[in-house]
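Residue numbers count from 1 along this sequence. Everything numeric in this text was worked out from a predicted model, so none of it was measured.
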Amino acid sequence: MRARRRLLPCSLLALGLWAAPAGLRAQSAAPSKPVPAAGARRGPGAAPAQKGPAVKAPPKGNPAKGGPRPGPNEAARRAIAGAPPADEAGKGVESPELKALRAAEQELFSAAAPAPGSPWPSDWSFPAPLDPSRPQLRASGLPPAPPRERAAGGAAAAEGAAWVRSLKLPALPVRWEPRLIKYLVFFRDDPRGRQLVQAGYRKSGRYAELIRAALRAEGVPDELIWVAMFESGFDPKARSPVGASGLWQFMPEGGRVYGLRVERWVDERLDPALATEAAAKYLSDLYRRFGSWELALAGYNMGHGGLSVAVRKYNTNDFWELSRFEAGLPWETTLYVPKIIAMAIAAQNPSVFGLDAIEPDPPARFDALKAKGGVSLEGLARAAGLSLASLEELNPQLRAGRTPPDPPDAPAPLAYPLRVPEGRGPLAAAAIDRAAAAEPRLARHAVRFGQTAESLASEYGISRSRLYELNAMAPGEALRAGDVVLLPAERPPSRPAPDAGPPVVAVPAHPAALPGRERVFYRVIVGDTLAGIAAALGVEADDLRSWNSVDPAARLHEGMVLQAFVPPGRDLSKIVVVREGEARPLVAGSDEFLAWSEAQRGKRRIQVKVARGDTWDSVSRRYGCSVGSLERINRRSRREALKPDEVLVVYTEHQGDEPPPSPRQASSPLGPPSAPRPDDLPPPPEPGAAAGRPSPAAP
């Protein structure tokens with residue numbers, strides 16, 4: 001086994017500064033936070049170095065044949081889950097530097113952890129002159145000299161501490177705690193740490209001017225620029241596994257709290273300028289709440305709610321003290337704060353940390369102009385002779401490569417800020433009208449609550465793939481109420497659907513009416529919740545649950561139809577519903593409902609009297625149905641003998657002159673999704689189903 005690389009100077013080991021933190025494995029209670037950072041939710045991200053002999057990884061293939069192992073069928077997984085799988089929804093790209101840092105942190109901080117509850121060593125002092133122009137240092141760190149009883153390593157210890165004393169300090173509070181010192185040594189002496197700070201220092205150049213200006217405008221230290229380094233690696237397109245995005249890793253709701261648009265056309269968390277302004281405001285708010293930058297940074301990482309709970313629980317507002325308690329702070333937060341301060345120190349001392357020879361990336365330069373809604377970057381690039389890649393790089397917030405279309409009810413055309421390469425602003429401004437005129441004529445439609453891509457495509461007479469193409473949608477992407485989508489300006493002539501009568505809705509036996517209320521019906525789509533549907537209808541979620549006999553803990557299934565009794569005068573123009581007079585409610589499980597249900601399959605529901613000598617097999621043969629069907633319908637086992645004169649319910653092929661009622665038409669809001677068009681993908685088979693055969697029916 002390869003020996004582990006030595007990282008730490010013997011002089012600092014002699015001082016006992018490298019004991020790992022204790023009591024930090026248990027996470028604190030789930031915090032209540034408006035803008036959680038991605039870091040607090042991630043695991044360490046990399047396993048510690050493997051001990052023992054190397055084990056050859058198994059081939060990616062069939063273990064029996066050694067061939068390539070097929071990956072999971074993601075389309076089938078979406079069909080089974082009824083939504084994107086959880087790991088697909090959380091996919092994100094992380095910078096290699098941050099990934100390597102987390103691996104190093106496991107080696108640095110977890111190899112020699114003391115028993116849970118043991119405090120960090122903190123009984124040293126570090127005298128420092130009080131300079132009014134610099135932050136005041138609070139004593140608790142490296143000793144000026146070792147105690148007499150440890151004089152054996154005194155010279156080495158003093159030499160090890162000397163370089164720390166000489167460092168130029170940032171405008172953030174510095175307390176010489178072991179974790180901070182350990183990061184400084186890692187950044188200075190370990191090749192991995194040196195590479196990390198050099199890469200971050202270099203990448204910061206692209207947005208340094210923009211970030212520092214925004215931080216100063218909010219009156220917060222501009223050294224907080226290094227928060228963005230450890231959040232995203234200065235990548236404005238970074239996305240964490242939990243859905244945080246951008247330079248500052250805002251969650252969607254958190255971004256909206258600070259004024260960022262997060263919708264299907266634009267995600268301003270990815271806009272470096274707007275996201276930085278929001279982050280500066282958030283950091284300022286956290287400082288106003290906690291009064292110290294250590295706690296403000298901890299709150300950014302773990303959420304201010306959870307941090308406030310920890311402060312009250314342990315009755316201290318000292319970050320370093322909180323981090324010593326068992327379950328005081330999340331493990332990642334105890335490391336998050338010192339590494340930001342350590343990076344701020346490194347940036348103040350470029351020659352010590354090997355940064356003096358690093359050339360920062362050139363700053364992003366651009367011209368800003370206003371563009372009409374719905375203008376594509378591709379069309380603008382073509383009209384103005386610009387590079388499409390440069391427009392996309394300068395405007396990462398435009399998720400669909402197009403400025404967001406105006407809502408249909410906008411009183412006047414809106415303008416959206418757009419960035420173009422520096423010096424090309426006048427040319428691009430003159431070409432915007434030409435780019436807009438060259439766009440195909442499209443109509444704007446505001447999605448109503450309950451509308452889907454399938455229903456919209458059916459309504460406008462186009463294929464789903466065409467709808468996806470017009471709106472840069474991923475197949476299967478869900479639409480949300482209020483989203484603006486682009487559709488052909490001229491609808492193809494619609495073909496009248498055969499009249500099949502009002503759609504049938506299965507409802508509970510009670511209630512059938514509510515005085516003073518109107519009954520309406522709503523068809524569930526993917527992602528719907530009781531609370532969301534209730535809010536759209538203007539009713540209480542508990543009432544909606546009781547009206548439909550649904551389990552509030554279970555997920556609503558696409559295609560279910562819920563009845564609701566809405567208050568008089570409720571505006572339902574923005575939700576897809578069917579009025580009571582337009583539907584045919586049948587009590588679920590009633591004879592009428594069961595007869596109708598089987599008629600949709602071309603069968604009759606009849607009751608037959610068992611004759612003497614009848615068996616399950618003889619009845620099934622007589623009426624052309626399976627024994628399993630008889631068992632399921634009558635909720636009995638075939639092992640139970642039939643008795644003369646008892647009654648069985650049988651579903652049999654329809655007989656007689658009248659054809660069975662036609663199925664409900666897909667054009668109804670309560671009907672099933674429209675049939676796939678030739679250019680749409682067929683649904684995947686269910687796992688375990690034999691090719692060409694249906695899956696076995698559930699008992």
Side-chain angles (χ1 to χ4, degrees), residues 28 31-40 132-138 140 169-175 177 179-180 207-208 210-232 244 246-251 253-260 269 273-323 328-330 332-345 347-348:
S28 63
S32 167
K33 49 191 177 297
V35 193
S133 66
R134 305 302 302 171
Q136 181 176 349
L137 303 184
R138 289 170 283 173
S140 175
L169 301 178
L172 289 173
V174 176
R175 188 154 128 184
E177 289 280 343
R179 277 162 287 170
L180 175 60
Y207 302 108
L210 179 153
I211 293 175
R212 293 183 188 277
L215 294 173
R216 289 168 184 159
E218 285 297 323
V220 300
D222 58 8
E223 283 91 347
L224 295 178
I225 183 178
W226 306 115
V227 173
M229 171 180 166
F230 292 108
E231 286 290 340
S232 66
L247 279 179
W248 301 91
Q249 291 293 283
F250 276 104
M251 293 292 284
E253 287 306 315
R256 294 184 183 105
V257 167
Y258 282 87
L260 301 178
R269 296 177 298 164
L274 296 178
T276 297
E277 292 175 8
K281 289 180 172 63
Y282 182 39
L283 287 163
S284 175
D285 290 348
L286 288 171
Y287 183 76
R288 288 167 60 193
R289 182 186 185 95
F290 293 108
S292 85
W293 281 115
E294 294 103 330
L295 287 180
L297 291 171
Y300 195 98
N301 181 253
M302 66 178 287
H304 72 270
L307 181 56
S308 297
V309 169
V311 167
R312 291 191 294 267
K313 176 180 178 180
Y314 291 104
N315 202 30
T316 177
N317 59 0
D318 185 295
F319 166 79
W320 302 101
E321 189 70 16
L322 275 175
S323 66
L329 298 175
E332 193 162 334
T333 305
T334 66
L335 303 183
Y336 182 82
V337 174
K339 68 186 169 190
I340 290 174
I341 297 175
M343 184 62 205
I345 294 174
Q348 290 286 331

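Between atom OG1 of residue T333 and atom CG of residue L322 there is a gap of 11.0 Å, rounded to the nearest 0.5 Å. Here CD of E218 is found 11.5 Å from OG1 of T276. Values are rounded to the nearest 0.5 Å. Remark: L180 CG to R175 CZ distance equals 11.0 Å, nearest 0.5 Å. Between E321 atom CD and Y314 atom OH the span is 11.5 Å, to the nearest 0.5 Å. Residue L297 holds its CG atom at 8.5 Å from OG of S292, rounded to the nearest 0.5 Å. Once rounded to the nearest 0.5 Å, the distance linking CG of L307 with CG of L329 reads 6.5 Å.
Contact check for V257 versus Y282: no side-chain heavy atoms found under the 4.5 Å cut-off.
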Side chain to side chain contact (heavy atoms under 4.5 Å, CB included) between I345 and L172, worked out: CA-CA 9 Å; I345 294 174; L172 289 173; over 6 Å; no

Give the C-alpha distance, both sets of side-chain angles, the deciding distance and a yes or no for side chain to side chain contact (heavy atoms under 4.5 Å, CB included) between S323 and E177. CA-CA 11 Å; S323 66; E177 289 280 343; over 6 Å; no

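The minimum heavy-atom distance linking E231 with L247 is given by the pair CB-O, 3.7 Å. The heavy-atom pair separating R212 from I225 by the smallest distance is NH2-CG2, 3.9 Å. Scanning all heavy atoms of the two residues, the minimum distance from W226 to A344 falls at CD1-CA, 3.7 Å. Of all the heavy atoms in P338 and W320, the pair that sits closest is CB-CH2, 3.9 Å. When all heavy atoms of M302 and G306 are compared, the pair lying nearest together is CE-C, 3.6 Å. Here the closest non-hydrogen pair linking P173 and W293 is CD-CB, 3.9 Å.
Here the side chain of R179 pairs a donor or acceptor atom with the backbone of T334 at under 3.5 angstrom. Of the possible donor and acceptor atoms, none in the side chain of R269 sits under 3.5 Å from a partner among the backbone N and O of G246. Within the 3.5 Å criterion, the main-chain N or O of A228 finds a donor-acceptor partner in the side chain of S232.
Relative ring orientation between W248 and Y300 is described as perpendicular, the plane-to-plane angle rising above 60° on a 0-90° scale split at 30° and 60°.
Ring centroids of F230 and Y336 are separated by 6.0 Å or more, keeping the two rings apart.
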